[in-house]
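Taking it in order: structure first as structure tokens, then the write-up.
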Amino acid sequence: FVGRIQPLKAPDVLLRAAAELLRRDPGLRARLVVLVAGGPSGSGLAEPRALQELGAALGLDDVLRFLPPQGGNDLVQVYRAADVVAVPSHNESFGLVAMEAQACATPVVAAAVGGLPVAVSDGGSGLLVDGHDPARWADALAAVALDRIRRERFSAGAVAHARRFSWDRTTDALLATYAEAGEEFTRRAGAALAGLGGISGVRER
């Protein structure tokens with residue numbers, strides 16, 4: 001998990017899913033690392049150690065690691081070190097973390113909310129999960145992290161998908177949208193003026 005530690009981002013879903021994975025297969029404990037990179041923010045500031053306390057309550061102390069917010073090359077290394085990045089947010093306008101992870105060739109398991117279905121190619125660069133049930137998240141995380149062949153396929157798909165969202169392409173798409181809007185405005189304005197010209201009974205002053 002990379003991001004602000006607050007209820008909206010739902011990092012607790014990742015912890016609960018990890019606990020479910022260990023319940024299903026205790027042998028995973030020897031090789032599972034749950035990494036949370038970020039710091040409390042917004043409503044999360046009210047209980048800054050809530051996630052650590054949840055991890056302890058779930059019995060994850062030995063597999064749970066926390067890092068402060070990362071940037072630049074350090075953040076790239078975090079993404080590249082992960083087998084999968086979880087984005088379990090309750091809402092996202094787009095999902096920059098998902099896109100950054102994919103650009104680093106790391107598959108993403110994300111909640112099917114907000115802009116995440118656009119940011120993540122379901123079945124191509126990762127998986128989308130309906131809802132926040134820990135069992136369903138455990139299924140999705142296991143399907144990516146524990147299946148090497150699928151993970152490698154998603155990794156290649158992640159890079160290809162991320163390339164579609166370069167700044168150049170985003171700028172070109174924005175300019176094209178403005179051009180289309182301008183043309184449509186001109187067309188409608190012309191039609192409206194033509195309609196006024198045909199109204200009978202208009203008196204000239």
Nearest heavy-atom neighbours spanning [X] and [Y]:
X	Y	result
A110	V120	CB-CG2, 4.1 Å
Q6	P11	O-CD, 3.4 Å
V129	A140	CG2-CB, 3.6 Å
A138	E20	CB-CG, 3.7 Å
L64	G55	CD2-CA, 3.8 Å
D61	A56	OD1-CA, 3.5 Å

About how many Å separate [atom2] of [Y] and [atom1] of [X], when rounded to the nearest 0.5 Å?
X	Y	atom1	atom2	result
K9	N91	NZ	CG	9.0 Å
R164	S125	CZ	OG	9.5 Å
R151	T106	CZ	OG1	10.0 Å
R23	L58	CZ	CG	12.5 Å

Without swapping roles, check the side chain of [X] against the backbone of [Y] for a donor-acceptor pair under 3.5 Å.
X	Y	result
R150	V144	no
T186	G182	yes
W137	G131	yes

Report whether [X] and [Y] are members of the same hydrophobic cluster (ILVMFWY, side-chain heavy atoms less than 4.5 Å apart, transitive linking).
X	Y	value
F154	F165	no
L35	V63	no
L96	V108	no
I5	V97	no

Would you check, one step at a time, whether the test salt bridge (Lys or Arg N to Asp or Glu O under 4.0 Å) holds for R148 with E152? CA-CA 6 Å; R148 182 181 59 81; E152 289 176 354; 3.1 Å; yes
Who passes salt bridge (charged side-chain N to carboxylate O under 4.0 Å, His left out) against [X], sequence neighbours left out?
X	answer
R65	none
E53	none
E47	none

Under the side-chain contact (heavy atoms from CB on, under 4.5 Å) test against F1, which residue among L14, V13, D12 passes? L14
Donor-acceptor contacts under 3.5 Å from residues 73-90 side chains, at least two apart:
residue: Y79; atom: OH; partner: E100; partner atom: OE1; Å: 2.6
residue: S89; atom: OG; partner: E92; partner atom: OE2; Å: 2.8

Could you check if a side-chain atom of [X] sits within less than 4.5 angstrom of a side-chain atom of [Y], using non-hydrogen atoms only?
X	Y	value
D25	L146	no
R153	D147	no
L60	L22	yes

Please assess V2 against Q70 for the test side chain to side chain contact (heavy atoms under 4.5 Å, CB included), listing each intermediate value before the final yes or no. CA-CA 9 Å; V2 173; Q70 304 291 297; over 6 Å; no
Counterpart residues, side chain to side chain contact (heavy atoms under 4.5 Å, CB included), relative to V113 (two or more places apart): A111, L116
Who passes ring-ring contact (aromatic ring centres under 6.0 Å, His included) against F66, sequence neighbours left out? none
